[in-house]
Amino acid sequence: MRVGILMLHLRLPGCRSLKEKRRRVKPLLNRLHKEFNLSVAEVDAQDVWQTAVIACVTVSNDGGYAQHMLQKVVQWVEVHWPDVQIAEEHVTLC
C-alpha cells in the first residue's frame, strides 16, 4: 500500500479577510474531493489572508499511479481555478 501526499502552497491575491479566504478555499477543497476522490484539508496558514496550504492525500497499491493522480490535481487547479496561484507543490510517497 502506498500513500501519496500533495502539499500545495497557494497564493490568494486580493484576499482581504479570513472570511473571504474561506469563501475561496472551501469550494476548492470540496471540488477536489469530489473530482479526484481525495482526502483534502487546509493544514497550515489558516490565519494568513492571502496564503493557504492544503494537503491532498490518496491511497493506492501502486506508487506510480498515486504520483500521477496527484500531478493531475496540480494541473487541474492551474486550469480550473485561475484566481489561485500555486506558489509551491510537493509530492511525497510513503
Side-chain angles (χ1 to χ4, degrees):
M1 175 177 69
R2 301 298 300 234
V3 177
I5 305 167
L6 169 65
M7 297 292 289
L8 286 175
H9 294 255
L10 305 175
R11 286 197 192 106
L12 307 165
C15 214
R16 287 173 266 133
S17 70
L18 291 176
K19 194 174 194 178
E20 183 178 349
K21 175 185 176 179
R22 206 171 28 249
R23 277 197 315 262
R24 291 173 69 181
V25 171
K26 192 167 182 164
L28 173 60
L29 299 180
N30 291 335
R31 188 71 190 272
L32 285 172
H33 173 71
K34 228 178 181 180
E35 203 62 40
F36 295 96
N37 194 24
L38 299 166
S39 293
V40 185
E42 184 178 3
V43 294
D44 199 7
Q46 286 96 342
D47 54 351
V48 180
W49 297 357
Q50 295 186 351
T51 302
V53 180
I54 63 170
C56 302
V57 180
T58 188
V59 177
S60 175
N61 60 350
D62 180 13
Y65 175 77
Q67 183 157 4
H68 176 72
M69 186 197 324
L70 294 173
Q71 288 301 322
K72 285 179 67 172
V73 169
V74 173
Q75 295 168 353
W76 186 89
V77 170
E78 290 173 339
V79 169
H80 291 92
W81 292 86
D83 63 332
V84 170
Q85 300 170 351
I86 298 175
E88 186 180 332
E89 65 182 82
H90 182 71
V91 175
T92 304
L93 294 177
C94 305

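Source: prediction; values computed, not measured. Start at 1 with the first residue, then count along the sequence.
For the pair Lys21 (side chain) and Gln50 (backbone), a donor-acceptor distance under 3.5 Å is absent.
By the rule that hydrophobic residues join a cluster once side-chain heavy atoms approach within less than 4.5 Å of another member, Tyr65 and Ile5 end up as members of separate clusters. Leu28 and Val53 end up in different hydrophobic clusters when Ile, Leu, Val, Met, Phe, Trp and Tyr side chains are linked at under 4.5 Å. A continuous path of Ile, Leu, Val, Met, Phe, Trp and Tyr side chains, each step under 4.5 Å between heavy atoms, connects Val3 with Val43, placing both in one hydrophobic cluster. Grouping the Ile, Leu, Val, Met, Phe, Trp and Tyr side chains by contacts below 4.5 angstrom, directly or via other members, places Leu70 apart from Val59. A single hydrophobic cluster is not seen to contain both Val91 and Val57; linkage of ILVMFWY side chains at heavy-atom distances under 4.5 Å, directly or through other members, places them apart.
Between Arg24 and Trp81 there is no side-chain heavy-atom pair separated by less than 4.5 Å. Using a 4.5 Å heavy-atom threshold, the side chains of Thr92 and Met7 count as separate. Annotation: side chain of Leu38 is not in contact with side chain of Leu6 (no heavy-atom distance under 4.5 Å). The side-chain heavy atoms of Glu78 and Val74, taken from C-beta on, include a pair separated by under 4.5 Å. Residues Gln71 and Glu89 have side chains in contact (heavy-atom distance under 4.5 Å, counting atoms from C-beta outward).
Contact between Ala52 and Leu12 at its shortest, heavy atoms only, is CB-CD1, 4.2 Å. What you find for Pro13 and Gln85 is that their closest heavy atoms are CG-NE2, 3.7 Å. Nearest heavy atom pair, residue Glu20 against residue Arg16, reads OE1-N, 3.1 Å. Residues Thr58 and Ala66 share a closest heavy-atom pair of CG2-CB, 4.0 Å. Between Met69 and Phe36, the shortest heavy-atom distance links the atoms SD-O, 3.7 Å.
In this structure, the separation between CD on Gln67 and OG on Ser60 is 11.5 Å, given to the nearest 0.5 Å. Atom CZ of Arg22 sits about 11.5 Å away from atom CD of Gln46, to the nearest 0.5 Å. Going from atom CD of Glu42 over to atom CG of Leu8 covers 12.0 Å, rounded to the nearest 0.5 Å. With rounding to the nearest 0.5 Å, the separation of CD1 in Ile54 from NE2 in His9 is 10.5 Å.
Residue Asn61 qualifies as open at atom CG: its count of foreign heavy atoms under 6.0 Å is 12 or below.
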(message) Set out, in order, the CA-CA distance, both residues' side-chain angles and the distance that settles side-chain contact (heavy atoms from CB on, under 4.5 Å) for Val25 and Leu10, then state yes or no.
(response) CA-CA 10 Å; Val25 171; Leu10 305 175; 5.8 Å; no
